[in-house]
Every structure is written in C-alpha cells, then in structure tokens.
Amino acid sequence: MQVKKIKIIKIPPKVGKKLAERYGCRRETIYNALSFRSQSKQSEDIRQAALNEFGGVETDKVLFY
C-alpha cells in the first residue's frame, strides 16, 4: 500500500456557495481550486479569499492506494 499527501483548503460548508457567487463560477470550480487541481489566476484568487476572508484552513489530505 502506498500513501500520497495532497494539499487542500478546508472551508465551512456554506462558503463554497458564497465564493461561487463572488467569482461568477460553479461550485465545481471552487472545489477544483481548493483542492489545487487548477492553477489559473482565478483559482489563486479563490484560494486566497478562502484563506484570508472565509476562515479556510490549508491542510494535507492523505490518500491510500
């Protein structure tokens, strides 16, 4: 069994909807940005807003495969 750590940003449940409204995108876009799956300027802005304004916490997610 192998272990892999990936960075994610955890946010409170209703914050994803607020971020989607603010940036005019879908919640899937917010999910991809917060799980570092996308690297666009908008994704960087979403991550910064989540951390600085909405109480997001950067953490590692451990995957077993």
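On a predicted model such as this, the values are computed, not experimentally measured, just so you know. Count residues from 1 along the sequence.
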Exercise. Transitively linked via ILVMFWY side-chain contacts under 4.5 Å: V62 with M1?
Worked result: yes
Exercise. Got more than 12 heavy atoms from elsewhere within 6.0 Å of CZ, F36?
Worked result: yes
Exercise. Got a second to check how far R27's CZ is from K17's NZ, nearest 0.5 Å?
Worked result: 7.5 Å
For this session: Output, in order, the C-alpha distance, side-chain angles, deciding distance and verdict of side-chain contact (heavy atoms from CB on, under 4.5 Å) for F54 and K14.
Result: CA-CA 10 Å; F54 293 100; K14 295 191 179 192; over 6 Å; no
Problem set entry | Shortest non-hydrogen separation from G16 to I11 and the atoms involved | N-CD1, 3.6 Å
For this session: Would you confirm whether S35, through its side chain, and Y31, through its main-chain N or O, come within 3.5 Å as a donor-acceptor pair?
Result: yes
Exercise. How far does CG of L34 sit from CD1 of I8, to the nearest 0.5 angstrom?
Worked result: 9.0 Å
Exercise. Under a 4.0 Å N-O cut-off, is there an ion pair linking R47 with E44?
Worked result: yes
For this session: Decide, yes or no, whether a salt bridge links E28 with R37 under the criterion of side-chain N to carboxylate O below 4.0 Å.
Result: no
Exercise. To the nearest 0.5 Å, how far apart are CD in E53 and CD in Q48?
Worked result: 9.5 Å
Exercise. Got a donor-acceptor contact below 3.5 angstrom from the Q42 side chain to the Y23 backbone?
Worked result: yes
For this session: Working to the nearest 0.5 Å, report the span between NZ of K18 and CD1 of I30.
Result: 13.0 Å
Exercise. Yes or no on side-chain contact (heavy atoms from CB on, under 4.5 Å) for E58 and K7, after CA distance, side-chain angles and deciding distance?
Worked result: CA-CA 7 Å; E58 189 171 328; K7 284 193 315 187; 3.2 Å; yes
Exercise. So, for A33 and I46, which heavy atoms are closest and what is the spacing to 0.1 Å?
Worked result: CB-CG2, 3.9 Å
Seminar exercise, completed: dist I9:CD1 -> L51:CG (nearest 0.5 Å) comes out at 4.0 Å
For this session: Please step through side-chain contact (heavy atoms from CB on, under 4.5 Å) for the pair L63 and I6, ending with a clear verdict.
Result: CA-CA 8 Å; L63 300 175; I6 58 172; 4.0 Å; yes
Exercise. Which pair of non-hydrogen atoms, one from A49 and one from L19, has the smallest distance, and what is that distance?
Worked result: CB-CD2, 4.0 Å
